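Below is one structure, written out as structure tokens; comments come after it.
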Amino acid sequence: MKSFYITTAIDYVNGSPHLGHAYEKVLTDVIARFRRMMGDQVHFLTGVDEHGQKVQQSAKKKGIPPQQFADEVSAEFRALLPKLNISNDDFIRTTEERHKKVVGQVLQQLFDKGEIYKAEYKGFYSTRQEQFLQEKDRRPDGAWPEIFGEVTEIVETNYFFKLKQYQEWLVEFLTTHEDFIFPKYRQKQVLEFLKEPLNDLCVSRPRERLEWGIPLPFDGAYVTYVWFDALLNYYSAVADKPGVWPAAYHVIGKDILLPPHAVYWPIMLHAAGLALPGGIIAHGWWMTGGSKMSKSTGNALNPLDLVAEFGTDAFRYFLIREMNVGQDSDFTREQFLVRYNSELANNFGNLVNRTLNMANRFHGAVVPAAEVAEDAEKELHALWEKTREEVIPLCEGFQFHTALEKTFFFITATNAYIEKRAPWKLGKSTEAHDQALLRTSIATMAEALRLGTALLTAVMPATVEKINAVLGHSPGGNWRDELVWGAKLTGTKFAEALVLFPRPEKPKATG
RNA sequence: GCCAGAGUAGCUCAGUGGUAGAGCAAAGGACUCAUAAGCCUUUGGUCCCCGGUUCAAUCCCGGGCUCUGGCACCA
């Protein structure tokens, strides 16, 4: 069985989760569920980043220890997962012993190999903001903005990782691994970036400036800073699990692709003698009215509010259907309602309900066997074969939005098939051929519904489970077998009715 | 400034060197199993602009305009 290890980025616990966090979890979960269905041995990791200056500062502001602050915010992120029906196998916090231990080991190993050295760093430092400033922080006239207060040039001794010497190696690696970064054009962006010389990476902060971090094993006066802490979670979480590393994919937001995931991370792994991941998936952002959704703008659309109002699966469906992985998309309540009403409620939910109803009304709720295959049936069979052959490669290539579109095209065609056969008319006829057609049409619509539903499993797992329950169907362990048009439902007994996606109340005129 | 992506129907987006496509929205129709759902039909487009290559360009090439994103120690 093929091992498939997939991760999300770890979320920084300096703010509450918003739509962007939710999306990344859902996207990764859909990939994880899809790979499980394809038979892979999946290990799915997510977690939180709890160290760093901002956590330390926020904790101080609230007058509580940083660990307590991290505990509180982490709990929020963790609580999000079951609400989104995320099937992660593990959840890592960078303050856990298992993580700190591995970070220490890797740092020590690189230090022993001479990959990390001590040097002086000279720069402009803002005491008020407790940070070094960059040239780009200057105002056009060369002065430092007011918020930095007094700025002085100071010299600080720190530890540096020899990033620069691996630049050529990384270019070579990316050139020979064209599919390392998805979408592809991002890989070009990285290679473009690598045309400029790299600097070595500062990996430490003196303890008097930053207490809240993992101490350097070879110098207790320092803690390691950001990337050697955060990025290594992917490895530290599975370091003691043989056969899991390397990761198949890291799913991240496009904002942390360059340079951390596309430059620091491959070089860190290479220098430490660890295998590189199969790839990096950089997804886009949810926008609202043309601006990025963030803490400040995103509060109007709390993902959990939509989950509470419309259900987890409708929310997951929208995120996956609307977003082309890698690109940005707009999120508005109006768009959500359009997809919810027209696709989930009218097209799909209604098909479930009417199928159950017709089986009940015209055949005692028991699914008959199909008896004839005329053009109407043959066309639907052919469309199914086509749909299945298209959807699987699309999912393998992370084109889930198109996969859902194709799936819904098949569901629409099933609705059209029903109209063509009109069982409610056949039911009034006593002719033998009409009766055979009636039984065939019920069997056909039931089988089509079962198959279309099976294609939605990764995106709407709970809904699929509910539908299978009312169809009296227990899917076998092999998903590919479930996708074969056959007679799996013949003889099963349907439940009476099921309204999956109730239409929302009309908004009140006063708003 | 440099690099990358994008510009196609009212909206969101597919797409191919040879008569422009889907979904939603809009209009009409026949039906009634169903969540006033579904189905059928129709309306709707200088394919950003200007040149070039070609028998033929929305697609290829050049130039321009507009929008978006990236440009390192910031999590």
Side-chain angles (χ1 to χ4, degrees), chain A residues 9-15 49 51-55 121 123 131-134 136-137 158 160-161 163 183-205 225-227 229-230 253-260 262-264 282 284-285 287 290 292 321-322 324 326-330 332 334-335 337-339 341-362 401-402 405-406 408-409 411-427 441-442 445 497-504:
Chain A
I10 49 174
D11 297 315
Y12 198 55
V13 295
N14 192 42
D49 180 6
H51 286 130
Q53 193 166 38
K54 286 183 181 167
V55 169
Y121 178 79
Q131 66 174 27
F132 275 95
L133 305 176
Q134 307 308 312
K136 67 175 182 184
D137 293 325
N158 263 309
F160 290 81
F161 170 54
L163 199 69
K184 226 170 184 171
Y185 76 86
R186 295 251 173 234
Q187 178 128 348
K188 281 193 258 172
Q189 209 170 63
V190 174
L191 283 167
E192 203 59 40
F193 175 86
L194 287 170
K195 284 180 180 168
E196 298 296 317
L198 293 170
N199 292 326
D200 286 344
L201 179 69
C202 180
V203 298
S204 67
R205 287 293 183 271
Y225 187 61
V226 188
W227 299 116
D229 185 347
K254 64 181 184 179
D255 51 329
I256 51 172
L257 175 65
L258 198 62
V263 178
Y264 303 160
W285 286 334
M287 317 287 282
K292 186 196 171 192
R321 176 66 185 84
E322 189 76 12
N324 181 345
Q327 294 182 6
D328 295 344
S329 284
D330 227 38
T332 65
E334 288 68 32
Q335 278 170 298
L337 284 173
V338 164
R339 292 219 183 270
N341 283 326
S342 73
E343 295 175 12
L344 292 179
N346 297 351
N347 210 330
F348 184 52
N350 185 50
L351 172 65
V352 174
N353 203 36
R354 70 195 298 215
T355 298
L356 293 175
N357 203 284
M358 279 184 271
N360 274 281
R361 191 185 277 231
F362 302 121
H401 66 302
T402 312
E405 189 185 356
K406 303 275 184 197
F408 270 73
F409 187 82
I411 287 165
T412 292
T414 303
N415 273 318
Y417 166 80
I418 293 171
E419 302 291 333
K420 205 173 286 177
R421 282 302 181 212
W424 48 94
K425 283 182 186 162
L426 296 169
S441 68
I442 293 171
M445 72 176 83
L498 174 67
V499 173
L500 284 169
F501 302 101
R503 293 176 68 82

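In the text below, chain A, chain B and the rest are named by the order of the sequence lines, each starting its count at 1. The structure displayed is predicted, hence computed values, not measured ones.
- The two residues A:Tyr12 and A:Gln53 make their nearest non-hydrogen contact at OH-N, 4.0 Å.
- A:Leu500 comes within 4.0 angstrom of a base, heavy atoms only.
- Computed from coordinates, the A:Asn346 CG to B:A37 P distance equals 6 Å when rounded to whole Å.
- Backbone-only engagement by A:Ala416 is indicated by non-hydrogen atom pairs under 4.0 Å involving sugar-phosphate atoms exclusively.
- Listed in residue order, the members of residues 418-426 of chain A having a heavy atom less than 4.0 Å from RNA chain B are A:Glu419, A:Trp424.
- Regarding contacts with the backbone of B:A37, a side-chain N or O of A:Arg503 is found under 4.0 angstrom from either OP1 or OP2.
- Separation of the C1' atoms belonging to B:U42 and B:A34 is 26 Å when rounded to the nearest angstrom.
- Every residue meeting the salt bridge (Lys or Arg N to Asp or Glu O under 4.0 Å) condition with A:Arg354, not counting sequence neighbours, appears here in chain and number order: A:Glu419.
- Side-chain contact check for A:Leu198 versus A:Phe193: some heavy-atom pair is nearer than 4.5 Å.
- No engagement by A:Thr402 is indicated, since no non-hydrogen atom pair under 4.0 Å with the nucleic acid exists.
- Where A:Asn415 and A:Leu163 meet RNA chain B, the nucleotide closest to each residue was compared, and A:Asn415 sits on the side nearer the 5' end.
- If you measure from atom CG of A:Asp328 to atom P of B:U68, you get 11 Å, rounded to the nearest angstrom.
- Between the CD1 atom in A:Ile411 and the CG atom in A:Asn350 there is a gap of 12.0 Å [rounded to 0.5 Å].
- If you measure from atom CD of A:Glu405 to atom C1' of B:C24, you get 12 Å, rounded to the nearest angstrom.
- In this structure, A:Leu356 reaches neither bases nor backbone, as no heavy-atom distance under 4.0 Å exists between it and the strands shown.
- Between the CG atom of A:Leu498 and the CG atom of A:Asn357 there is a distance of 12.0 Å, given to the nearest 0.5 Å.
- Of the two residues near RNA chain B, A:Arg354 and A:Leu201, the one whose nearest nucleotide lies more 5' is A:Arg354.
- Counting to the nearest Å, the C1' atom of B:C73 and the CD atom of A:Glu196 are 16 Å from each other.
- In terms of polar N and O atoms assigned as donor or acceptor, the side chain of A:Asn350 comes within less than 3.5 Å of the base of B:A34 in a complementary pairing.
- Pair check for B:C59 finds none; no Watson-Crick or G-U wobble contact set falls under 3.5 Å.
- Applying the side-chain contact (heavy atoms from CB on, under 4.5 Å) test to A:Asn346 and every residue at least two apart in sequence or in another chain returns A:Arg503.
- Between the P atom of B:U12 and the CG atom of A:Asp330 lies a distance of 8 Å, rounded to the nearest Å.
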Can you tabulate the close N/O pairs, meaning under 3.5 Å, that link protein atoms to atoms of nucleotides 4-9 of chain B?
from	atom 1	to	atom 2	distance (Å)
B:G5	OP1	A:Lys188	NZ	3.2

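- Nucleic acid contact class of A:Asn199 (heavy atoms, under 4.0 Å, all strands): base.
- When side chains are defined from C-beta on, A:Asn324 does not count as touching A:Ser329, because their heavy atoms never get closer than 4.5 Å.
- Taking atom P in both B:U68 and B:A26, the straight-line distance is 31 Å, to the nearest Å.
- Nucleotides B:C49 and B:U8 are separated by 10 Å at their P atoms, to the nearest Å.
- Side-chain contact between A:His401 and A:Glu322 is absent, with no heavy atoms from C-beta onward closer than 4.5 Å.
- Residue-level contact check: A:Lys195 touches neither bases nor backbone, having no heavy atom under 4.0 Å from any strand.
- Checking B:U66 for Watson-Crick or G-U wobble geometry (two distances, each under 3.5 Å) identifies B:A6 as its partner.
- For A:Thr402, the side-chain contact (heavy atoms from CB on, under 4.5 Å) partners at least two apart in sequence or on another chain are A:Leu394, A:Gln399, A:Glu405, A:Lys406.
- At least one side-chain heavy atom of A:Met358 sits less than 4.5 Å from a side-chain heavy atom of A:Trp424.
- For B:G1, the paired nucleotide is B:C71, the pair qualifying as Watson-Crick or G-U wobble because both relevant distances are below 3.5 Å.
- Here, B:C74 and B:G5 have their P atoms 29 Å apart, quoted to the whole Å.
- Remark: P of B:U12 and CD of A:Glu322 are 10 Å apart, rounded to the nearest angstrom.
- Scanning both residues, A:Val203 and A:Phe161, for their nearest heavy atoms gives CG1-CB, 3.7 Å.
- Here, B:C50 and B:C65 have their P atoms 15 Å apart, quoted to the whole Å.
- For A:Lys406 and B:G15, the NZ to C1' distance is 11 Å, given to the nearest whole Å.
- Looking at residues two or more places apart in sequence or on another chain, you find no side-chain contact (heavy atoms from CB on, under 4.5 Å) involving A:Asn199.
- B:G21 is paired with B:C13 under the Watson-Crick or G-U wobble criterion, all donor-acceptor distances under 3.5 Å.
- Rounded to a whole Å, the CD1 atom of A:Ile442 is 14 Å from the C1' atom of B:A34.
- The P atoms of B:A4 and B:C61 are separated by 13 Å, rounded to the nearest whole Å.
- Side-chain contact between A:Leu257 and A:Arg186 is present, with heavy atoms from C-beta onward closer than 4.5 Å.
- For the C1' atom pair drawn from B:C59 and B:U16, the interatomic distance equals 7 Å after rounding to whole Å.
- Within 4.0 Å (heavy atoms only), A:Phe408 reaches no atom of the nucleic acid at all.
- Nucleotide B:U53 is matched to nothing when pairs are restricted to Watson-Crick or G-U wobble geometry with both distances under 3.5 angstrom.
- A:Asp200 comes within 4.0 angstrom of a nucleotide base, judged by non-hydrogen atoms across all strands.
- Nucleotides B:C48 and B:A14 place their P atoms 14 Å apart, quoted to the nearest Å.
- Across all strands shown, B:G28 forms a Watson-Crick or G-U wobble pair, both distances under 3.5 Å, with B:C40.
- Looking at heavy-atom distances under 4.0 Å, A:Gly349 makes contact with a base.
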